[in-house]
J.: 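Handing you this structure, nothing more for now.
Because only heavy atoms are used, hydrogens play no part in the values below, and waters and symmetry mates are left out as well, while side chains stay in.
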Protein chains: 2
Amino acid sequence: MQENYYNIPVEATLEVIGGKWKVLILCHLKNQKMRFSELQRSIPQITKKMLTQQLRELENDGIINRYVYQQVPPKVEYSLSNTGESLRKVLDIMCAWGEKRITNQLVTSKE
Amino acid sequence: MQENYYNIPVEATLEVIGGKWKVLILCHLKNQKMRFSELQRSIPQITKKMLTQQLRELENDGIINRYVYQQVPPKVEYSLSNTGESLRKVLDIMCAWGEKRITNQLVTSKE
DNA sequence: TATCCTAGTAACTAATAAGTAACCTAATTA
DNA sequence: TAATTAGGTTACTTATTAGTTACTAGGATA
């Protein structure tokens with residue numbers, strides 16, 4: 001959090017999980033720890049550069065942990081941190097809404 | 001929804017509420033209907049152009065209703081549609097997380 | 001008659017986000 | 001010896017977002 005003033009609190013949420021990729025990454029990490037390459041395969045459209053960048057930001061914001069195995073070729077595992085765990089409900093409910101929308105289970109009648 | 005295939009369902013959610021402004025707009029609309037100018041005042045950083053654009057997209061996605069009063073100067077009110085209402089839980093929980101983050105009520109210990 | 005009002009739109013520019021391709025490390029395998 | 005491996009970084013280009021300024025309608029107010 002670089003600024004400490006927000007017009008409304010939800011801006012703090014958006015600062016952490018906003019953008020094109022972070023929710024996607026976190027949805028993958030919420031059920032298992034994953035290696036860099038596994039994340040890349042799971043999110044086919046993302047480039048290495050963006051994945052690296054987004055992972056770094058999530059790490060800096062304290063949402064994920066990065067564990068480097070001291071071996072060659074490298075092995076790095078990413079997982080939700082405890083703070084990241086606190087986002088689980090947010091992620092779950094966003095996932096659930098998407099599923100309902102896709103399977104047409106949302107109310108669509110006029111108000 | 002222009003594409004009907006997603007790698008994971010949450011992409012459908014991001015398609016609708018992704019981007020810099022939509023969650024903000026919806027958080028304001030979730031408790032009351034609001035006029036264009038009221039939204040603009042509530043989100044000081046947003047320009048007319050972006051506000052118009054985001055509102056149109058939300059309307060096209062069936063998330064909000066737009067009601068035009070037939071008078072001059074114009075009066076237009078925006079409100080959540082029934083489909084939009086189904087996002088309430090998502091919005092509430094995002095707002096709540098932001099509040100907790102700001103007031104430091106999140107777990108921050110190392111995993 | 002001139003100005004104000006709200007909710008926009010249009011044309012153009014600037015800023016930011018994202019993509020591409022080449023490169024790096026050092027142990028292991030062919 | 002040469003290639004392969006995973007997880008990156010760097011420099012550069014392109015695409016997408018967002019900002020700026022000017023303009024509109026048409027009734028109400030000064």
J.: The criterion is side chain to side chain contact (heavy atoms under 4.5 Å, CB included); which residues satisfy it with Val76(B), sequence neighbours excluded?
T.: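 Result, side chain to side chain contact (heavy atoms under 4.5 Å, CB included) vs Val76(B): Arg66(B), Val68(B), Tyr78(B).
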J.: Among residues two or more places apart or on two chains, list those pairs meeting side chain to side chain donor-acceptor pair (under 3.5 Å) that have a residue in residues 37-52 of chain A.
T.: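 Side chain to side chain donor-acceptor pair (under 3.5 Å) check on residues 37-52 of chain A returns no pairs.
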J.: Using a 4.5 Å cut-off between side-chain heavy atoms of Ile, Leu, Val, Met, Phe, Trp and Tyr, which other residues end up in the same hydrophobic cluster as Tyr67(B)?
T.: Tyr69(B)
J.: Once side chain to side chain contact (heavy atoms under 4.5 Å, CB included) is applied, do any residues pair with Lys33(A), and if so which ones, sequence neighbours excluded?
T.: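 Lys33(A) satisfies side chain to side chain contact (heavy atoms under 4.5 Å, CB included) with Glu77(A), Ser79(A) once adjacent residues are dropped.
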J.: Between the protein and nucleotides 28-30 of chain D, are there any N/O to N/O pairs under 3.5 Å, and if so, what are the atom names and distances?
T.:
none

J.: Output the residues of residues 34-44 of chain B in contact with DNA chain C, where contact means a heavy atom of the residue under 4.0 Å from an atom of the strand; sort by number or write none.
T.: Arg35(B), Phe36(B), Ser37(B)
J.: Looking at residues at least two apart in the chain, or sitting in another chain, which of them share a side-chain hydrogen bond (donor to acceptor under 3.5 Å, both in side chains) with Glu59(A)?
T.: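 Not a single residue meets the side-chain hydrogen bond (donor to acceptor under 3.5 Å, both in side chains) criterion with Glu59(A).
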J.: Using the side chain to side chain contact (heavy atoms under 4.5 Å, CB included) criterion, which residues pair with Lys20(B)? Sequence neighbours excluded.
T.: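 Applying side chain to side chain contact (heavy atoms under 4.5 Å, CB included) to Lys20(B) gives none.
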J.: Enumerate the ring-ring contact (aromatic ring centres under 6.0 Å, His included) contacts for residues 7-58 of chain B, please, sequence neighbours excluded, ordered by first and then second residue.
T.: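 Of all non-adjacent pairs touching residues 7-58 of chain B, none passes ring-ring contact (aromatic ring centres under 6.0 Å, His included).
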J.: With sequence neighbours left out, what residues match Leu91(B) under side chain to side chain contact (heavy atoms under 4.5 Å, CB included)?
T.: Val23(B), Leu26(B), Cys27(B), Lys30(B), Leu87(B)
J.: Could I get the full list of side-chain hydrogen bond (donor to acceptor under 3.5 Å, both in side chains) partners for Gln105(B), not counting sequence neighbours?
T.: Thr103(B)
J.: Nucleotide by nucleotide, 5' to 3', does protein get under 4.0 Å of the base (B), only the sugar-phosphate (S), or neither (-) in nucleotides 13-23 of chain C, counting heavy atoms?
T.: -----BBB---
